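Okay, so here's the structure we're looking at.
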Amino acid sequence: MAKILIVDDDQTIGLMLKDILEFSGHNVTVSQQPKKTKENIKDNDIELILLDKLISGVDGTDVCKKLKQDEEVAHIPVLMMSALHNVDEICKSAGAVDFLAKPFDMETLIEKIDQILENEDKAS
């Protein structure tokens, strides 16, 4: 299974997602510090990023754009999530491969992650 990085400032959500994804067989790292995203990617050999749109005053789309402009990590798919309405296109235009509106059910999350990872396997 995949090594996934969750970047969300809500520790409860981060840990809940970690439990669910680890139960599905993934290896999960949780971070509340968007500025350390690249460092976390490199330290943990991350294969997929789950990124919140608003993280402690930082716009997740800016984090996503920055990652997509960085040759070292640009290939790693980003799945963005938010409780804000009508931001899916903004997130996708920042480079996210997909978007999840909060609240979402865990089945949808797992399906999207599996689909993204499957597409990555086909591409490589």
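All heavy atoms count here, side chains included; hydrogens, waters and symmetry mates do not. Just so we're clear, the structure is a prediction, and the values are computed from it rather than from any experiment.
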- request: Using salt bridge (Lys or Arg N to Asp or Glu O under 4.0 Å) as the criterion, list what pairs up with E111, not counting sequence neighbours.
  value: none
message: Does any part of the side chain of N44, heavy atoms only, come nearer than 4.5 Å to the side chain of K3, both counted from C-beta?
response: no
task: Applying side-chain hydrogen bond (donor to acceptor under 3.5 Å, both in side chains), name anything that partners D105, two or more places apart in sequence or on another chain.
output: T108
same_hphob_cluster(V78, F99) at 4.5 Å side-chain heavy-atom cutoff: yes
side-chain contact (heavy atoms from CB on, under 4.5 Å) partners for M1, two or more places apart: H26
- prompt: So, do I110 and I20 sit near enough that their side-chain heavy atoms are less than 4.5 Å apart?
  reply: yes
message: Looking at every non-hydrogen atom in both residues, tell me the closest pair between C64 and A94 and how far apart they are.
response: SG-O, 3.6 Å
- request: Mind listing the closest non-hydrogen atom pair of G60 and M80 along with its distance?
  value: C-CE, 3.5 Å
message: Is there a continuous path of hydrophobic side-chain contacts, each under 4.5 Å between heavy atoms, that joins L100 to V30?
response: yes
query: Roughly how far apart are L54 CG and L84 CG, rounded to 0.5 Å?
result: 5.0 Å
- prompt: Are any non-hydrogen side-chain atoms of T37 and L5 less than 4.5 angstrom apart?
  reply: yes
- request: State, with a plain yes or no, whether a side-chain heavy atom of L79 is found less than 4.5 Å away from one of L109.
  value: yes
query: Considering residues at least two apart in sequence or located in another chain, which fulfil the side-chain hydrogen bond (donor to acceptor under 3.5 Å, both in side chains) criterion with K102?
result: D8, D52
- prompt: Measuring from L21:CG to L50:CG, what's the distance to the nearest 0.5 Å?
  reply: 7.0 Å
field: Residue from I41, N40, I55 passing side chain to side chain contact (heavy atoms under 4.5 Å, CB included) with S31
entry: N40
field: Connected via hydrophobic side-chain network under 4.5 Å: V7 and I13
entry: no
- prompt: CD/Q32 to CG/D10 distance, rounded to the nearest 0.5 angstrom?
  reply: 8.0 Å
Hydrophobic cluster identity match, V97 and L67, side-chain contacts under 4.5 Å: no
- prompt: What is the distance from atom CE of M81 to atom CG of L51, rounded to the nearest 0.5 Å?
  reply: 7.0 Å
message: For K38, give me all partners under salt bridge (Lys or Arg N to Asp or Glu O under 4.0 Å), at least two apart in sequence or on another chain.
response: D70, E72
task: Any pair with a residue in residues 56-66 that passes side chain to side chain donor-acceptor pair (under 3.5 Å), sequence neighbours left out, goes on the list, sorted by first then second residue, please.
output: K53-D59, D59-T61
field: Side-chain heavy atoms of L15 within contact of Q11, under 4.5 Å
entry: yes
- request: Could you pull out the closest heavy-atom pair between A2 and L117, with the gap in Å?
  value: CB-CD1, 3.5 Å
- prompt: What's the spacing between H75 NE2 and K68 NZ if we round to 0.5 Å?
  reply: 8.5 Å
field: Short side-chain to backbone donor-acceptor contact, K92 and V87, under 3.5 Å
entry: no
field: Rounded distance (nearest 0.5 Å) linking atom OG1 of T29 with atom CG of D43
entry: 9.0 Å
- request: Begin with the C-alpha distance, continue with both residues' side-chain angles, and end with the deciding distance and a verdict on side-chain contact (heavy atoms from CB on, under 4.5 Å) for L17 and M106.
  value: CA-CA 8 Å; L17 292 173; M106 294 305 121; 4.2 Å; yes
